[in-house]
Amino acid sequence: MTTEWIRRTYRVLLVLLVCSLAAAVPAAAGSSPSEGARPTVVLVILDGCAAYSLDLLPSEAYLRQAAAEGFYQHVRTVFPSSTAAGHAAILTGKWPDENGVTGKQFMGSDGTLNGFSSPQLLEAPTVIERAAKAGLRTAFISGKEGVRSLFGEDADLAVSPASVPSWVLEEVGPPPDESTQYEDYCGWYEKLDRWVIDVAGAFVKEAGPGAFIVLNLAGPDKVGHRFGPVPAPETTQCLISVGEALRGLTGVLEEVAREDWAVVVTADHGMTSVSKAIVPSELFGGIADDGLAYSLDGGVLYAWPTPTTEEAVVSALKGAEGVAEVITTSDERRALLHASHPRSAPIIAIARQGYMFTESSAFMEYTKGSHGTLLDTDVMVPLMVYGPQAVKTGIGISEIGDTVEIAGVLAELLGGLGD
Ligand SMILES: [Zn+2]
(Lines give C-alpha, C1' and ligand atoms only; values in the text may rest on other atoms or scores of the structure.)
Protein backbone atom coordinates (compact mmCIF):
# COMPACT_ATOMS: atom_id res chain seq x y z
CA MET A 1 0.00 0.00 0.00
CA THR A 2 1.59 3.27 -1.06
CA THR A 3 1.62 6.52 0.87
CA GLU A 4 -0.06 8.13 -2.13
CA TRP A 5 -2.93 5.64 -1.89
CA ILE A 6 -3.34 6.39 1.81
CA ARG A 7 -3.40 10.13 1.09
CA ARG A 8 -6.03 9.76 -1.63
CA THR A 9 -8.15 7.47 0.53
CA TYR A 10 -7.85 9.88 3.43
CA ARG A 11 -9.02 12.72 1.23
CA VAL A 12 -12.00 10.75 -0.06
CA LEU A 13 -12.94 9.68 3.48
CA LEU A 14 -12.64 13.28 4.63
CA VAL A 15 -15.01 14.47 1.90
CA LEU A 16 -17.47 11.65 2.72
CA LEU A 17 -17.28 12.50 6.42
CA VAL A 18 -17.97 16.17 5.76
CA CYS A 19 -20.86 15.29 3.42
CA SER A 20 -22.42 12.93 5.97
CA LEU A 21 -22.03 15.52 8.73
CA ALA A 22 -23.65 18.11 6.49
CA ALA A 23 -26.55 15.72 5.82
CA ALA A 24 -26.98 15.04 9.55
CA VAL A 25 -27.48 18.73 10.35
CA PRO A 26 -31.10 19.81 9.74
CA ALA A 27 -30.97 22.41 6.99
CA ALA A 28 -33.77 24.70 8.16
CA ALA A 29 -33.87 27.62 5.76
CA GLY A 30 -31.83 30.55 6.99
CA SER A 31 -31.05 28.91 10.34
CA SER A 32 -27.41 28.20 9.70
CA PRO A 33 -25.04 31.11 10.23
CA SER A 34 -22.86 29.85 7.40
CA GLU A 35 -25.61 29.24 4.86
CA GLY A 36 -24.78 31.11 1.67
CA ALA A 37 -21.97 32.90 3.48
CA ARG A 38 -18.87 33.64 1.47
CA PRO A 39 -15.62 32.40 2.96
CA THR A 40 -12.97 34.53 4.61
CA VAL A 41 -9.45 33.42 3.76
CA VAL A 42 -6.22 34.81 5.20
CA LEU A 43 -2.91 34.15 3.44
CA VAL A 44 0.01 34.63 5.84
CA ILE A 45 3.44 35.01 4.22
CA LEU A 46 6.10 34.50 6.91
CA ASP A 47 8.91 36.45 5.25
CA GLY A 48 12.11 34.40 5.31
CA CYS A 49 10.78 31.42 7.30
CA ALA A 50 12.37 28.15 6.15
CA ALA A 51 10.27 25.01 6.53
CA TYR A 52 12.86 23.50 8.87
CA SER A 53 12.70 26.64 11.07
CA LEU A 54 9.02 26.01 11.67
CA ASP A 55 9.69 22.33 12.43
CA LEU A 56 12.30 23.28 15.06
CA LEU A 57 9.90 25.45 17.08
CA PRO A 58 8.82 24.09 20.47
CA SER A 59 5.74 21.87 20.16
CA GLU A 60 3.61 24.29 22.21
CA ALA A 61 4.21 27.10 19.66
CA TYR A 62 0.92 28.00 17.94
CA LEU A 63 2.41 27.50 14.46
CA ARG A 64 3.32 23.91 15.41
CA GLN A 65 -0.14 23.30 16.89
CA ALA A 66 -1.86 24.73 13.80
CA ALA A 67 0.35 22.56 11.57
CA ALA A 68 -0.59 19.47 13.59
CA GLU A 69 -4.31 20.25 13.49
CA GLY A 70 -4.51 21.35 9.85
CA PHE A 71 -2.74 20.29 6.68
CA TYR A 72 1.00 20.83 6.60
CA GLN A 73 3.93 20.07 4.35
CA HIS A 74 7.09 21.48 2.83
CA VAL A 75 6.95 23.10 -0.63
CA ARG A 76 9.57 24.66 -2.89
CA THR A 77 9.78 28.37 -3.64
CA VAL A 78 11.20 29.79 -6.88
CA PHE A 79 14.71 30.83 -7.84
CA PRO A 80 15.97 33.31 -6.80
CA SER A 81 14.72 32.51 -3.29
CA SER A 82 14.17 36.18 -2.48
CA THR A 83 11.33 38.46 -1.41
CA ALA A 84 9.89 39.99 -4.61
CA ALA A 85 10.19 36.80 -6.70
CA GLY A 86 8.91 34.61 -3.84
CA HIS A 87 5.83 36.78 -3.25
CA ALA A 88 5.11 37.11 -6.99
CA ALA A 89 5.15 33.32 -7.42
CA ILE A 90 2.68 32.81 -4.56
CA LEU A 91 0.37 35.66 -5.55
CA THR A 92 0.28 35.13 -9.34
CA GLY A 93 0.62 31.35 -9.36
CA LYS A 94 3.21 31.79 -12.13
CA TRP A 95 6.98 31.27 -12.40
CA PRO A 96 9.34 34.29 -12.55
CA ASP A 97 9.73 34.03 -16.35
CA GLU A 98 5.91 34.15 -16.64
CA ASN A 99 5.10 36.87 -14.07
CA GLY A 100 8.06 39.18 -14.82
CA VAL A 101 9.38 39.44 -11.24
CA THR A 102 12.84 37.98 -11.71
CA GLY A 103 14.76 39.00 -8.60
CA LYS A 104 15.66 42.07 -6.60
CA GLN A 105 16.54 44.42 -9.49
CA PHE A 106 16.54 44.55 -13.27
CA MET A 107 18.27 46.69 -15.90
CA GLY A 108 15.93 49.38 -17.20
CA SER A 109 15.88 50.54 -20.81
CA ASP A 110 17.60 53.74 -19.62
CA GLY A 111 20.61 51.71 -18.48
CA THR A 112 19.96 52.08 -14.74
CA LEU A 113 19.07 49.37 -12.22
CA ASN A 114 15.48 49.36 -10.96
CA GLY A 115 13.82 47.60 -8.04
CA PHE A 116 10.53 45.69 -8.34
CA SER A 117 8.21 48.19 -6.72
CA SER A 118 5.63 49.07 -9.37
CA PRO A 119 2.52 46.95 -10.13
CA GLN A 120 3.06 47.78 -13.83
CA LEU A 121 5.93 45.27 -13.73
CA LEU A 122 3.58 42.35 -12.98
CA GLU A 123 2.86 40.36 -16.13
CA ALA A 124 0.19 38.14 -14.57
CA PRO A 125 -2.84 38.99 -12.40
CA THR A 126 -2.53 38.43 -8.67
CA VAL A 127 -4.96 36.37 -6.65
CA ILE A 128 -5.87 39.65 -4.87
CA GLU A 129 -6.98 41.19 -8.17
CA ARG A 130 -8.93 38.03 -9.06
CA ALA A 131 -10.61 37.96 -5.63
CA ALA A 132 -11.57 41.64 -5.95
CA LYS A 133 -13.08 40.95 -9.39
CA ALA A 134 -15.02 38.04 -7.88
CA GLY A 135 -16.64 40.49 -5.46
CA LEU A 136 -14.70 39.70 -2.29
CA ARG A 137 -13.41 42.40 0.05
CA THR A 138 -9.61 42.38 -0.16
CA ALA A 139 -6.72 43.61 1.96
CA PHE A 140 -2.95 43.49 1.57
CA ILE A 141 -1.19 44.30 4.83
CA SER A 142 2.59 44.24 4.66
CA GLY A 143 5.44 44.75 7.08
CA LYS A 144 7.51 45.84 4.06
CA GLU A 145 6.65 48.91 1.98
CA GLY A 146 8.31 47.53 -1.18
CA VAL A 147 6.03 44.50 -1.13
CA ARG A 148 2.94 46.69 -0.60
CA SER A 149 3.83 48.95 -3.52
CA LEU A 150 4.27 45.97 -5.87
CA PHE A 151 1.21 43.90 -4.87
CA GLY A 152 -1.20 46.17 -2.97
CA GLU A 153 -2.73 48.10 -5.87
CA ASP A 154 -5.88 46.03 -6.36
CA ALA A 155 -6.71 45.59 -2.67
CA ASP A 156 -9.54 47.54 -1.01
CA LEU A 157 -7.12 48.14 1.86
CA ALA A 158 -3.35 48.28 1.25
CA VAL A 159 -1.16 48.95 4.27
CA SER A 160 2.52 49.08 5.22
CA PRO A 161 4.30 50.95 8.03
CA ALA A 162 5.16 53.64 5.44
CA SER A 163 1.60 53.82 4.09
CA VAL A 164 -1.05 53.83 6.81
CA PRO A 165 -4.61 54.81 5.81
CA SER A 166 -6.51 56.93 8.35
CA TRP A 167 -9.00 54.08 8.92
CA VAL A 168 -6.12 51.96 10.28
CA LEU A 169 -4.92 54.79 12.53
CA GLU A 170 -8.44 55.13 13.96
CA GLU A 171 -9.13 51.40 14.40
CA VAL A 172 -5.72 50.00 15.37
CA GLY A 173 -3.33 52.93 15.83
CA PRO A 174 0.06 53.61 14.26
CA PRO A 175 2.79 51.02 13.63
CA PRO A 176 5.74 50.97 16.07
CA ASP A 177 7.95 54.05 15.88
CA GLU A 178 10.76 53.39 13.40
CA SER A 179 13.20 55.62 15.29
CA THR A 180 13.15 53.11 18.19
CA GLN A 181 13.87 50.08 15.96
CA TYR A 182 17.50 49.57 17.05
CA GLU A 183 16.82 49.92 20.79
CA ASP A 184 15.26 46.44 20.79
CA TYR A 185 15.46 45.01 17.26
CA CYS A 186 13.60 41.73 17.88
CA GLY A 187 10.99 43.34 20.12
CA TRP A 188 10.38 46.04 17.52
CA TYR A 189 9.70 43.49 14.77
CA GLU A 190 7.48 41.46 17.10
CA LYS A 191 5.47 44.66 17.60
CA LEU A 192 5.36 45.33 13.85
CA ASP A 193 4.10 41.82 13.05
CA ARG A 194 1.49 42.07 15.83
CA TRP A 195 0.36 45.40 14.36
CA VAL A 196 0.01 43.83 10.87
CA ILE A 197 -2.08 40.99 12.36
CA ASP A 198 -4.16 43.46 14.41
CA VAL A 199 -4.93 45.41 11.23
CA ALA A 200 -5.99 42.10 9.63
CA GLY A 201 -8.33 41.40 12.57
CA ALA A 202 -9.87 44.87 12.32
CA PHE A 203 -10.40 44.40 8.57
CA VAL A 204 -12.02 40.97 9.07
CA LYS A 205 -14.50 42.56 11.52
CA GLU A 206 -15.17 45.53 9.25
CA ALA A 207 -15.53 43.51 6.03
CA GLY A 208 -17.76 40.80 7.49
CA PRO A 209 -17.94 37.37 5.84
CA GLY A 210 -16.43 37.08 2.36
CA ALA A 211 -12.94 38.53 2.42
CA PHE A 212 -9.46 37.70 1.22
CA ILE A 213 -6.56 39.10 3.22
CA VAL A 214 -2.85 38.76 2.48
CA LEU A 215 -0.24 39.45 5.17
CA ASN A 216 3.51 39.89 4.87
CA LEU A 217 5.16 39.38 8.26
CA ALA A 218 8.64 40.90 8.09
CA GLY A 219 9.96 39.85 11.52
CA PRO A 220 11.14 36.30 10.72
CA ASP A 221 13.19 37.69 7.78
CA LYS A 222 14.68 40.74 9.51
CA VAL A 223 15.50 38.94 12.75
CA GLY A 224 16.73 35.89 10.79
CA HIS A 225 19.16 38.04 8.77
CA ARG A 226 20.49 39.68 11.93
CA PHE A 227 20.70 36.67 14.29
CA GLY A 228 20.48 33.67 11.95
CA PRO A 229 17.63 31.22 11.36
CA VAL A 230 16.01 28.98 14.01
CA PRO A 231 17.41 27.63 16.35
CA ALA A 232 18.82 31.14 16.98
CA PRO A 233 16.85 32.10 20.14
CA GLU A 234 15.89 35.55 18.77
CA THR A 235 14.34 34.11 15.59
CA THR A 236 12.68 31.29 17.53
CA GLN A 237 11.10 33.87 19.85
CA CYS A 238 10.00 35.94 16.84
CA LEU A 239 8.11 32.98 15.32
CA ILE A 240 6.56 32.09 18.70
CA SER A 241 5.34 35.70 19.00
CA VAL A 242 3.94 35.69 15.43
CA GLY A 243 2.12 32.45 16.30
CA GLU A 244 0.51 33.97 19.40
CA ALA A 245 -0.77 36.90 17.32
CA LEU A 246 -2.17 34.41 14.76
CA ARG A 247 -3.90 32.54 17.60
CA GLY A 248 -5.66 35.83 18.37
CA LEU A 249 -6.64 36.24 14.71
CA THR A 250 -8.19 32.75 14.78
CA GLY A 251 -10.48 34.02 17.57
CA VAL A 252 -11.61 36.94 15.38
CA LEU A 253 -12.20 34.64 12.39
CA GLU A 254 -14.31 32.25 14.51
CA GLU A 255 -16.39 35.19 15.71
CA VAL A 256 -16.95 36.81 12.29
CA ALA A 257 -16.79 33.97 9.77
CA ARG A 258 -18.01 31.11 12.00
CA GLU A 259 -17.49 27.93 9.95
CA ASP A 260 -16.42 29.65 6.74
CA TRP A 261 -12.79 30.63 7.20
CA ALA A 262 -9.35 29.26 6.48
CA VAL A 263 -5.79 30.43 7.04
CA VAL A 264 -2.98 29.52 4.64
CA VAL A 265 0.55 29.98 5.98
CA THR A 266 3.62 29.91 3.76
CA ALA A 267 6.87 31.82 3.10
CA ASP A 268 8.45 33.68 0.20
CA HIS A 269 11.81 31.98 0.86
CA GLY A 270 13.80 30.38 3.67
CA MET A 271 16.99 31.41 5.46
CA THR A 272 20.47 29.88 5.73
CA SER A 273 23.21 30.50 8.33
CA VAL A 274 26.11 32.47 6.84
CA SER A 275 29.48 33.55 8.21
CA LYS A 276 31.59 34.35 5.15
CA ALA A 277 31.47 37.24 2.68
CA ILE A 278 31.99 37.39 -1.07
CA VAL A 279 32.81 41.05 -1.80
CA PRO A 280 32.22 41.78 -5.52
CA SER A 281 34.17 45.08 -5.55
CA GLU A 282 37.28 43.13 -4.46
CA LEU A 283 36.48 40.33 -6.91
CA PHE A 284 35.94 42.52 -9.97
CA GLY A 285 38.62 45.12 -9.22
CA GLY A 286 39.21 47.24 -12.32
CA ILE A 287 36.71 45.28 -14.48
CA ALA A 288 33.88 47.41 -13.10
CA ASP A 289 35.48 50.57 -14.53
CA ASP A 290 35.37 49.06 -18.05
CA GLY A 291 31.61 48.59 -17.99
CA LEU A 292 29.75 46.41 -15.50
CA ALA A 293 26.58 46.84 -13.48
CA TYR A 294 25.75 44.38 -10.73
CA SER A 295 23.24 43.86 -7.98
CA LEU A 296 23.61 41.84 -4.75
CA ASP A 297 20.80 39.80 -3.27
CA GLY A 298 22.31 37.76 -0.43
CA GLY A 299 23.00 34.36 -1.93
CA VAL A 300 22.80 35.60 -5.53
CA LEU A 301 24.64 38.17 -7.61
CA TYR A 302 23.18 39.51 -10.86
CA ALA A 303 25.63 41.04 -13.35
CA TRP A 304 25.10 43.04 -16.53
CA PRO A 305 28.52 43.25 -18.23
CA THR A 306 29.37 44.87 -21.56
CA PRO A 307 30.56 42.65 -24.44
CA THR A 308 34.13 43.63 -23.54
CA THR A 309 33.89 42.76 -19.83
CA GLU A 310 31.70 39.65 -20.00
CA GLU A 311 34.49 37.08 -20.17
CA ALA A 312 36.45 38.67 -17.32
CA VAL A 313 33.33 38.87 -15.13
CA VAL A 314 32.49 35.20 -15.67
CA SER A 315 36.04 34.08 -14.95
CA ALA A 316 36.33 36.28 -11.82
CA LEU A 317 33.11 34.77 -10.46
CA LYS A 318 34.03 31.19 -11.41
CA GLY A 319 37.39 31.55 -9.66
CA ALA A 320 35.95 33.08 -6.49
CA GLU A 321 35.97 31.25 -3.20
CA GLY A 322 32.38 30.88 -2.07
CA VAL A 323 30.75 30.89 -5.52
CA ALA A 324 28.91 27.61 -6.19
CA GLU A 325 27.65 28.25 -9.71
CA VAL A 326 27.75 30.86 -12.48
CA ILE A 327 24.87 30.88 -14.97
CA THR A 328 25.48 32.62 -18.30
CA THR A 329 23.06 33.39 -21.15
CA SER A 330 23.93 30.21 -23.03
CA ASP A 331 23.49 27.98 -19.97
CA GLU A 332 20.70 25.40 -20.29
CA ARG A 333 20.08 25.68 -16.52
CA ARG A 334 18.42 29.04 -17.18
CA ALA A 335 15.21 27.58 -18.58
CA LEU A 336 15.04 24.97 -15.80
CA LEU A 337 15.35 27.72 -13.20
CA HIS A 338 12.72 29.89 -14.97
CA ALA A 339 15.40 32.59 -15.31
CA SER A 340 14.98 33.23 -19.05
CA HIS A 341 12.89 36.41 -18.83
CA PRO A 342 14.38 39.47 -20.62
CA ARG A 343 14.67 41.09 -17.16
CA SER A 344 16.81 38.20 -15.84
CA ALA A 345 20.46 39.24 -15.62
CA PRO A 346 22.79 37.78 -18.29
CA ILE A 347 25.12 36.52 -15.55
CA ILE A 348 23.80 35.06 -12.31
CA ALA A 349 26.19 33.78 -9.63
CA ILE A 350 25.01 31.63 -6.72
CA ALA A 351 26.85 31.49 -3.38
CA ARG A 352 28.01 28.31 -1.63
CA GLN A 353 26.55 27.31 1.72
CA GLY A 354 27.83 29.64 4.46
CA TYR A 355 28.66 32.50 2.06
CA MET A 356 26.80 35.59 0.92
CA PHE A 357 27.44 38.47 -1.48
CA THR A 358 27.91 41.72 0.42
CA GLU A 359 29.42 45.17 -0.11
CA SER A 360 31.84 44.76 2.78
CA SER A 361 32.98 41.87 4.98
CA ALA A 362 32.38 44.20 7.95
CA PHE A 363 28.63 43.56 7.46
CA MET A 364 29.13 39.92 8.49
CA GLU A 365 29.55 41.07 12.09
CA TYR A 366 25.80 41.66 12.27
CA THR A 367 24.54 39.42 9.48
CA LYS A 368 24.04 35.75 10.42
CA GLY A 369 21.38 34.70 7.91
CA SER A 370 20.97 35.00 4.15
CA HIS A 371 18.88 33.53 1.30
CA GLY A 372 18.61 33.57 -2.48
CA THR A 373 20.37 30.29 -3.39
CA LEU A 374 19.09 26.85 -4.37
CA LEU A 375 19.98 25.30 -0.99
CA ASP A 376 17.08 23.47 0.69
CA THR A 377 17.29 25.86 3.64
CA ASP A 378 16.60 28.74 1.19
CA VAL A 379 14.00 27.13 -1.08
CA MET A 380 11.99 24.75 1.13
CA VAL A 381 9.20 26.68 2.82
CA PRO A 382 6.17 25.69 4.88
CA LEU A 383 2.66 25.30 3.48
CA MET A 384 -0.01 25.03 6.13
CA VAL A 385 -3.79 25.26 5.79
CA TYR A 386 -6.11 25.34 8.80
CA GLY A 387 -9.65 26.35 9.63
CA PRO A 388 -13.10 24.83 8.93
CA GLN A 389 -13.23 26.05 5.30
CA ALA A 390 -10.18 23.86 4.57
CA VAL A 391 -12.02 20.78 5.84
CA LYS A 392 -15.31 21.67 4.10
CA THR A 393 -13.71 22.12 0.69
CA GLY A 394 -11.82 18.84 1.18
CA ILE A 395 -8.75 20.78 0.22
CA GLY A 396 -5.83 18.57 -0.71
CA ILE A 397 -2.33 19.96 -0.48
CA SER A 398 -0.46 16.66 -0.35
CA GLU A 399 0.19 16.76 -4.10
CA ILE A 400 1.45 20.34 -4.05
CA GLY A 401 5.20 20.68 -4.47
CA ASP A 402 5.76 24.32 -5.48
CA THR A 403 4.61 27.68 -4.13
CA VAL A 404 3.25 28.59 -7.60
CA GLU A 405 0.45 26.08 -6.88
CA ILE A 406 -0.75 27.94 -3.76
CA ALA A 407 -2.85 30.41 -5.82
CA GLY A 408 -4.96 27.42 -6.93
CA VAL A 409 -5.50 26.36 -3.30
CA LEU A 410 -6.57 29.92 -2.44
CA ALA A 411 -9.03 30.02 -5.37
CA GLU A 412 -10.51 26.71 -4.20
CA LEU A 413 -10.84 27.91 -0.59
CA LEU A 414 -12.47 31.14 -1.79
CA GLY A 415 -15.11 29.12 -3.64
CA GLY A 416 -13.58 29.62 -7.10
CA LEU A 417 -12.51 32.94 -8.54
CA GLY A 418 -14.51 32.67 -11.75
CA ASP A 419 -11.59 32.36 -14.14
ZN1 LIG B 1 11.59 37.87 1.97
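All residue numbers refer to positions in the sequence shown, counting from 1. Note that the structure is predicted; figures quoted are calculated from it, not measured. Each ligand, and each atom within it, is numbered from 1 in the order the structure gives.
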Under 2.8 Å: N/O/S of T83 next to the Zn ion (ligand 1): yes
The Zn ion (ligand 1) reached by H269 (N, O or S, under 2.8 Å): yes
Side chain to side chain contact (heavy atoms under 4.5 Å, CB included) test vs I45 passes for just one of V214, T403, L217, namely V214
May I ask you to decide whether E234 forms a salt bridge with K368, counting only side-chain N to carboxylate O separations under 4.0 Å? no
State the atom name: nearest N, O or S atom of D47 to the Zn ion (ligand 1). OD1
Closest approach to the Zn ion (ligand 1) by D268, given as the N, O or S atom name: OD2
Just checking F357 against Y294, ring centres under 6.0 Å apart? no
With distance as the sole criterion, is a donor-acceptor pair present between the side chains of H74 and D376 under 3.5 Å? no
